[in-house]
**Student:** 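What follows is a single structure, and I will ask about it in a moment.
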Amino acid sequence: MAEKTTMIVEKDFRIAKIDDRLYGSFIEHLGRAVYTGIYQPGHPAADEDGFRKDVLELVKELNVPIIRYPGGNYVSNFFWEDSVGPKEERKKRLDLAWRTLEPNEVGIQEFQKWAKKADSSVMMPVNLGTRGVSDALNLLEYCNLDTDTYYANLRRKHGDEKPYGIKTWCLGNEMDGPWQTGHKEAKEYGRLAAETAKAMKLMDSSLEFVVCGSSYEGMPTFGTWEEQVLDECFDYVDYVSLHQYWGNEKNDTADFFAVSDDLENFIHTVISICDFVQAKKRSKKKIHLSFDEWNVWYHTRTQDDQDMANMPWRSHPHLLEDIYTYEDAIVDGLALIKFIQNSDRVKIACLAQLVNVIAPIMTEEDGPAWRQTIFYPFYHASKYGRGYALQPVIHTGTHETSGHGAVTDVDAVAVYNEEKDQVAVFAVNRNTEETVDFEIALRGFEGYQVQTYEALEGSDMKAVNSAAGETVKPIQRGDYQMEGARLTTTLKPASWNVIVLGK
């Protein structure tokens, strides 16, 4: 038996009010995310607009408040004008990012309609790879303005009388990456981002902007990129982006679970850089974080690279269709805990992606939509993780890992929903060998009782779900003791646990 873990949860020890957009996601014109993903006319589940209702229902289960669209790397050569207007007049384009053919059957108009059906909103990137300020302004006018001007009238001509009201805009995508079409140096990109945001704010002062941080922590320019970019555009932007993907290439589950420690360090490093630039500029303004791409992604990389090299210019090929394992779900749960723990600065996070492409939801082209293993931690966090993040005091044991040294057995956080008078505890036992005795001491939550206790538990780290059925799904647990304001239970090895208490 591992060392006992205790967790003190105090109602008044608040980290921050969690921005609902922490539970955002991402759909790119990549692989089958759009075509045969959210959109498939002729499918038995398709609605009058060609959108798959079975997919919409699963997206609504996840309650995703914002979706980044249409990219991603795709956006750096995106000609938005080709994605609007009569479909028969739209140009087909070569997508340089993923070496595929884009038919433009779904574009800004259609996705805006789909997002409304999904009870979500759009986070729109602009193309700062092959285009720039003037095209961003034209796109903004088309999407948001109610003026008697060319692009606003063009939207009306296309059938959308009312503006879309998109408020959160990304200034390009991964512009530090040499793979990016139109890659920029830091100061060059920072100036372009500043001028683009400044001009767009003249058109709509209510907008907020996400500027590109490093594509991932291992970039050679990480750190200096953020500093130089923010030096140029600090006054005009609100968020800096972070992207990170994890894999278990070594097939070492215990060390895989420790990547959440790397995530914590990544977040704190970027916060430090933002605050350094703030101090240099003697500003009172805080730059927050938009972790707008994150997930496990490694299963299909080799095959995808070969397919893109050898079979280019196909329309919606099978790309990045990782089939997720039980252990992948635990890692995603750990990432969500880290975002909640840092919700005073991480305000937006987008699980990349939403359907078919490294996604919690998969579709069969002639069959059903189904939930991957990673669906469930996101579902739980989105459902129960709204409100105030609470700062827990945790005493836990440690275990050794091959690449991260000694790491804690348990990582956990609590969220207080004032409206529902409810507190939720999210806890992962990262110890793959031993059960942990877990005790929660509640302070300020007198009279609360367990309303639900759900967990992902399993001994097969490689278990997967499929269209045929769900091997990995939550179980209900009732084997806990509640004495006054103290709850005791056990956390199984390598498990994700959600305990919700209320009056």
Side-chain angles (χ1 to χ4, degrees), residues 23-65 67 69 100 103 105-106 110-111 113-120 295-297 299-300 303-304 307 314-330 332-333 350-383 454 456 458 460 462-476 496:
Y23 308 114
S25 194
F26 178 28
I27 287 182
E28 182 172 3
H29 280 254
L30 194 180
R32 297 194 308 119
V34 175
Y35 306 109
T36 72
I38 67 170
Y39 177 80
Q40 190 178 354
H43 189 277
D47 67 10
E48 68 281 1
D49 296 309
F51 297 125
R52 286 187 55 158
K53 291 182 288 186
D54 54 348
V55 173
L56 276 167
E57 288 307 308
L58 291 176
V59 172
K60 286 180 180 180
E61 273 189 49
L62 292 177
N63 192 13
V64 179
I67 300 171
Y69 171 89
T100 54
E105 292 176 24
V106 172
E110 289 79 17
F111 193 78
K113 181 179 287 188
W114 181 85
K116 285 186 176 180
K117 292 185 179 190
D119 299 328
S120 190
N295 204 345
V296 172
W297 172 25
H299 295 283
T300 62
Q303 185 63 52
D304 289 337
D307 288 353
R314 296 172 294 160
S315 183
H316 60 276
H318 291 252
L319 289 175
L320 280 66
E321 295 194 16
D322 281 26
I323 300 301
Y324 286 114
T325 63
Y326 175 88
E327 66 185 5
D328 296 333
I330 302 302
D332 274 8
C350 299
L351 175 67
Q353 294 186 20
L354 187 55
V355 181
N356 283 333
V357 173
I358 49 174
I361 299 167
M362 297 295 291
T363 68
E364 303 296 310
E365 294 178 31
D366 299 314
W370 51 277
R371 302 172 188 84
Q372 291 235 57
T373 63
I374 65 169
F375 183 97
Y376 287 106
F378 190 95
Y379 165 78
H380 285 140
S382 179
K383 182 174 182 178
E454 298 183 50
L456 288 179
D460 181 0
K462 308 303 180 184
V464 300
N465 292 346
S466 70
E470 296 184 9
T471 303
V472 178
K473 58 184 177 181
I475 62 166
Q476 291 284 340
W496 160 262

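Computed from a predicted structure; not experimentally measured.
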**Student:** Check the pair L319, L30 against side chain to side chain contact (heavy atoms under 4.5 Å, CB included), reporting the backbone distance first and the verdict last.
**Tutor:** CA-CA 7 Å; L319 289 175; L30 194 180; 4.0 Å; yes
**Student:** Please output the side-chain donor-acceptor pairs of residues 467-474 that fall under 3.5 Å, not counting sequence neighbours, one pair per line with the distance.
**Tutor:**
residue	atom	partner	partner atom	Å
E470	OE1	Y376	OH	2.4
E470	OE2	R371	NH1	3.1
E470	OE2	Y376	OH	3.2
T471	OG1	V464	O	3.3

**Student:** Which heavy atom in Y324 sits nearest to a heavy atom in Q372, and how many Å separate them?
**Tutor:** N-OE1, 2.8 Å
**Student:** For E327, what residues pass the salt bridge (charged side-chain N to carboxylate O under 4.0 Å, His left out) criterion, not counting sequence neighbours?
**Tutor:**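 Counting only residues at least two positions away or on another chain, E327 forms a salt bridge (charged side-chain N to carboxylate O under 4.0 Å, His left out) with K462.
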**Student:** Report the C-alpha distance between W370 and E364 in whole Å, list the side-chain angles of each, state the deciding distance to 0.1 Å, and finish with yes or no for side-chain hydrogen bond (donor to acceptor under 3.5 Å, both in side chains).
**Tutor:** CA-CA 8 Å; W370 51 277; E364 303 296 310; 3.1 Å; yes
**Student:** Within a strict 4.5 Å, meaning less than it, do heavy atoms of the S382 and L62 side chains meet?
**Tutor:** no
**Student:** Is the closest side-chain heavy-atom distance between W114 and S120 below 4.5 Å?
**Tutor:**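 They are not in side-chain contact.
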**Student:** Among all residues two or more places apart in sequence or in another chain, which pass the salt bridge (charged side-chain N to carboxylate O under 4.0 Å, His left out) test with D47?
**Tutor:** K117
**Student:** Taking all heavy atoms of T373 and all of N465, pick out the closest pair and write down the distance.
**Tutor:**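 So the minimum-distance heavy-atom pair works out to N-ND2, 3.7 Å.
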**Student:** Are side-chain heavy atoms of V355 and L58 found at a separation under 4.5 Å?
**Tutor:** no
**Student:** H318 and E365: side-chain donor and acceptor closer than 3.5 Å?
**Tutor:** yes
**Student:** Of all residues at least two apart in sequence or in a different chain, which pass the salt bridge (charged side-chain N to carboxylate O under 4.0 Å, His left out) check with R52?
**Tutor:** D54
**Student:** Would you please name every residue forming a side chain to side chain donor-acceptor pair (under 3.5 Å) with T36, sequence neighbours left out?
**Tutor:**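 Residues passing side chain to side chain donor-acceptor pair (under 3.5 Å) with T36: R32.
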**Student:** If the condition is side-chain contact (heavy atoms from CB on, under 4.5 Å), which residues does Q303 pass it with, not counting sequence neighbours?
**Tutor:**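 With neighbours one apart ignored, the set is Q306, D307.
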**Student:** Hey, are the side chains of W496 and D332 touching, using non-hydrogen atoms and a 4.5 Å cut-off?
**Tutor:** no
**Student:** Find the distance between NZ (K53) and CD (E48) and round it off to the nearest 0.5 Å.
**Tutor:**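 Between K53 NZ and E48 CD, I get 8.0 Å after rounding to 0.5 Å.
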**Student:** Kindly write out the residues that satisfy side chain to side chain donor-acceptor pair (under 3.5 Å) with E57, not counting sequence neighbours, or none if the list is empty.
**Tutor:**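 None.
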**Student:** Any donor-acceptor pair under 3.5 Å linking the side chain of N295 with the backbone of A352?
**Tutor:**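 Checked: pair present.
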**Student:** My understanding is that only residues two or more places apart in sequence, or in another chain, count here; which of them pass side chain to side chain donor-acceptor pair (under 3.5 Å) with D328?
**Tutor:** H299, T325
**Student:** Mind checking what makes salt bridge (charged side-chain N to carboxylate O under 4.0 Å, His left out) contact with E110, not counting sequence neighbours?
**Tutor:**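 For E110 the salt bridge (charged side-chain N to carboxylate O under 4.0 Å, His left out) partners, ignoring immediate neighbours, are R90.
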**Student:** Please report the closest heavy-atom contact between G31 and V357, naming both atoms and the distance.
**Tutor:**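 Closest approach of G31 to V357: CA-CG2, 4.4 Å.
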**Student:** Is the ring pair H29/Y69 parallel, tilted or perpendicular, if the boundaries are 30 and 60 degrees?
**Tutor:**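 Ring orientation, 0 to 90° scale: tilted.
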**Student:** So, the side chain of Q40 versus the backbone of G50: is there a donor-acceptor pair under 3.5 Å, distance only?
**Tutor:** no
**Student:** If you define the side chain from C-beta out and look only at heavy atoms, does anything of M362 sit under 4.5 Å from I323?
**Tutor:**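 When only atoms from C-beta onward are counted, I323 and M362 do touch, with a gap below 4.5 Å.
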**Student:** So, using ring-ring contact (aromatic ring centres under 6.0 Å, His included) as the criterion, who are the partners of W297 when residues are at least two apart?
**Tutor:**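 Counting only residues at least two positions away or on another chain, W297 forms a ring-ring contact (aromatic ring centres under 6.0 Å, His included) with Y245.
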**Student:** Just wondering, do T300 and I358 contact through their side chains at under 4.5 Å, heavy atoms?
**Tutor:** no
**Student:** Rounded to the nearest 0.5 Å, how far does CG of L354 lie from CD1 of I361?
**Tutor:**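 Between I361 CD1 and L354 CG, I get 5.0 Å after rounding to 0.5 Å.
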**Student:** Distance check, rounded to the nearest 0.5 Å: L456 atom CG versus Y326 atom OH?
**Tutor:**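 Here the interatomic distance stands at 6.0 Å.
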**Student:** Quick one, I67 and F26 - any side-chain contact, counting heavy atoms below 4.5 Å?
**Tutor:** no
**Student:** Using side chain to side chain contact (heavy atoms under 4.5 Å, CB included), reason through K113 and D49 one step at a time and then give a plain yes or no.
**Tutor:** CA-CA 9 Å; K113 181 179 287 188; D49 296 309; 3.4 Å; yes
**Student:** Sequence neighbours excluded, which residues qualify as side-chain contact (heavy atoms from CB on, under 4.5 Å) partners of K383?
**Tutor:** Y379
**Student:** How close do S25 and L351 get, heavy atom to heavy atom, and via which atoms?
**Tutor:** OG-O, 2.8 Å
**Student:** Quick one: does H316's side chain get under 4.5 Å of V34's, heavy atoms only?
**Tutor:** no
**Student:** Listed by chain and number, what are the side chain to side chain donor-acceptor pair (under 3.5 Å) partners of Y39, not counting sequence neighbours?
**Tutor:**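 By the side chain to side chain donor-acceptor pair (under 3.5 Å) rule, Y39 matches K87.
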